[in-house]
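See structure below.
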Amino acid sequence: MESTNSNNEVAHKFRFFKAYKDGRVEIFYNTQKVPPSTDSVTGVQSKDVIISSEPAVSARIFLPKIHDPTQKFPVLFYIHGGGFCFESAFSPIFHKHLTSLAAEANAIAVSVEYGLFPDRPIPACYDDTWAALKWVQSHSTRSGPDPWMNLYADLDRVFLCGDSGGANMCNNLAVRVGSVGLPGVKVAGMVMVHPFFGGLAVDDEMWLYMCPENGGVQDRRLRPPAEDLAKLGCERVLIFFAEKDHLREVGQWYCDELKKSEWGGSVEVVEHEDEFHEFHLLSEPEGDNALDLIKRFGSFINQN
């Protein structure tokens with residue numbers, strides 16, 4: 001007689017993980033981590049800071065090469081993607097990407113390490129990134145906890161930046177800034193790379209599963225309504241699309257809704273033809289389109 005192991009019965013299977021009937025969750029992707037360092041080519045330095053111990057929130061800060069000790073740099077507040085359940089600000093992929101962005105934009109980058117499902121279900125990520133943005137704000141009087149931020153950060157030029165799910169969190173932060181304010185900080189713009197706002201049933205179901213207290217497929221964090229978009233606390237938005245991205249259509253929906261809303265800011269769109277979701281991180285990080293993305297990212301930050 002064959003025995004069955006009920007502990008291995010799968011209750012749900014999604015794009016990035018499967019959940020067993022006994023409550024265990026198996027993430028399909030392993031995330032590596034690398035230490036901070038100084039990049040020998042660009043001179044960008046990095047270090048890690050603790051933002052909160054309970055819950056655990058931290059960040060990796062990237063400082064471009066200093067030519068003038070009195071210079072103040074714009075701040076890229078970066079939120080990595082990874083389906084709300086994997087990847088890290090400390091992974092080789094994002095360490096390299098943020099080094100490139102800090103060098104190209106000549107900006108300080110604050111790359112946030114936020115809580116991931118299943119250890120910390122959604123909405124932990126939204127709360128953690130807000131806590132990290134408040135940490136940035138704590139340097140507005142030049143007496144915050146981090147000397148790099150006190151000395152070099154220009155908090156009148158803060159940009160909310162993120163890819164995929166990270167771009168979704170950027171929108172949430174921008175709405176929050178526009179709603180409750182962030183004294184001492186001016187969010188000058190937002191950069192969204194291949195943004196995630198649900199759209200496909202499989203992605204909607206996965207997000208709803210990771211967020212037990214959700215409002216259904218019209219949850220305002222998943223599908224921001226017009227009244228939220230009207231509150232966006234910045235004046236400029238840059239959205240990157242990849243032509244063959246499975247999120248391309250819903251990204252266009254967000255772009256169109258933002259333009260139709262009463263927000264009143266400017267939206268710039270860059271599309272890379274014949275490319276897939278996150279191509280610049282995963283498949284062709286050294287390709288012409290990936291280099292173009294970095295360059296356009298930097299030029300948006302440094303527009304007058």
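Keep in mind it's a predicted model, so treat the numbers as computed, not measured.
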Looking at R223 and D219, does any basic side-chain N land under 4.0 Å from a carboxylate oxygen? no
Quick check against the 3.5 Å criterion: does N168 have a side-chain atom that pairs as donor or acceptor with the backbone of R221? yes
If two hydrophobic side chains count as joined below 4.5 Å and joins carry through other members, does V191 share a cluster with V187? no
Say whether, by atom type as modelled, one donor and one acceptor occur between the side chain of E113 and the main chain of A89 under 3.5 angstrom. yes
Going through the checks in order, is the ring-ring contact (aromatic ring centres under 6.0 Å, His included) test met by F84 and F196? CA-CA 11 Å; F84 305 87; F196 169 86; 5.8 Å; yes
Approximate separation, where rounding is to 0.5 Å, of L76 CG and S111 OG: 10.0 Å
Is the closest side-chain heavy-atom distance between S52 and P55 below 4.5 Å? yes
Do you know which two heavy atoms are closest between H80 and D163, and how far apart they sit? CA-OD1, 3.7 Å
Check the surroundings of atom CD1 in I50: do more than 12 heavy atoms from other residues, nucleotides or ligands lie under 6.0 Å from it? no
For the residue pair M210 and F14, establish whether any side-chain heavy-atom pair is separated by less than 4.5 Å. no
Measure up the W207 and Y126 rings against each other and bin them: parallel (under 30°), tilted (30 to 60°), perpendicular (over 60°). perpendicular
Salt-bridged, K259 to D256, with N to O below 4.0 Å? no
Under 3.5 Å, is there a donor on one side chain and an acceptor on the other for Y209 and D204? no
Linked, directly or transitively: F16 and L281 (ILVMFWY side chains, under 4.5 Å): no
For the side chain of S37 and the backbone of D39, is there at least one donor-acceptor N/O pair under 3.5 Å apart? no
Taking atom CD as the centre, does E262 end up with more than 12 heavy-atom neighbours from other residues, nucleotides or ligands that are less than 6.0 angstrom away? no
I'd like to know whether CD of E271 has more than 12 heavy-atom contacts from other residues, nucleotides or ligands below 6.0 angstrom. yes
Is P64 close to F73 at the side-chain level, that is, under 4.5 Å between some pair of heavy atoms? yes
In N289, D292, D245, the residue satisfying side chain to side chain donor-acceptor pair (under 3.5 Å) with H272 is D292
Between R15 (side chain) and G83 (backbone), is there a donor-acceptor pair under 3.5 Å? no
Take a 6.0 Å sphere around CG of D68 and say whether it holds more than 12 heavy atoms from other residues, nucleotides or ligands. yes
Show me the pairs that pass ring-ring contact (aromatic ring centres under 6.0 Å, His included) and involve residues 142-176, at least two apart or across chains. none
Side chain of K72, backbone of L151: donor and acceptor closer than 3.5 Å? yes
Pair F17-F117, ring-ring contact (aromatic ring centres under 6.0 Å, His included): steps then yes or no: CA-CA 10 Å; F17 63 90; F117 175 88; 5.0 Å; yes
So which pairs with a foot in residues 231-255 pass ring-ring contact (aromatic ring centres under 6.0 Å, His included), sequence neighbours left out? F197-Y254, H246-H277
Are more than 12 heavy atoms, taken from residues, nucleotides or ligands other than E249, located less than 6.0 Å from that residue's CD atom? no
Taking C-beta and beyond as the side chain, do K47 and R60 meet within less than 4.5 Å on heavy atoms? no
For F297, check ring-ring contact (aromatic ring centres under 6.0 Å, His included) against everything at least two apart and list the hits. none
Classify the angle between the aromatic ring planes of H194 and F279 as parallel (below 30°), tilted (30 to 60°) or perpendicular (above 60°). tilted
Heavy atoms, side chains only, cut-off 4.5 Å: are K65 and V44 in contact? no
Criterion ring-ring contact (aromatic ring centres under 6.0 Å, His included) on H280 and H97, from CA distance to verdict: CA-CA 9 Å; H280 62 296; H97 186 52; 5.2 Å; yes
Does one hydrophobic cluster hold both L98 and M192, with members joined at side-chain heavy-atom distances below 4.5 Å? no
Quick check: is I301 connected to I66 through a chain of hydrophobic side chains (ILVMFWY, heavy atoms under 4.5 Å apart)? no
For Q32, does the CD atom have more than 12 heavy-atom neighbours from other residues, nucleotides or ligands under 6.0 Å away? no
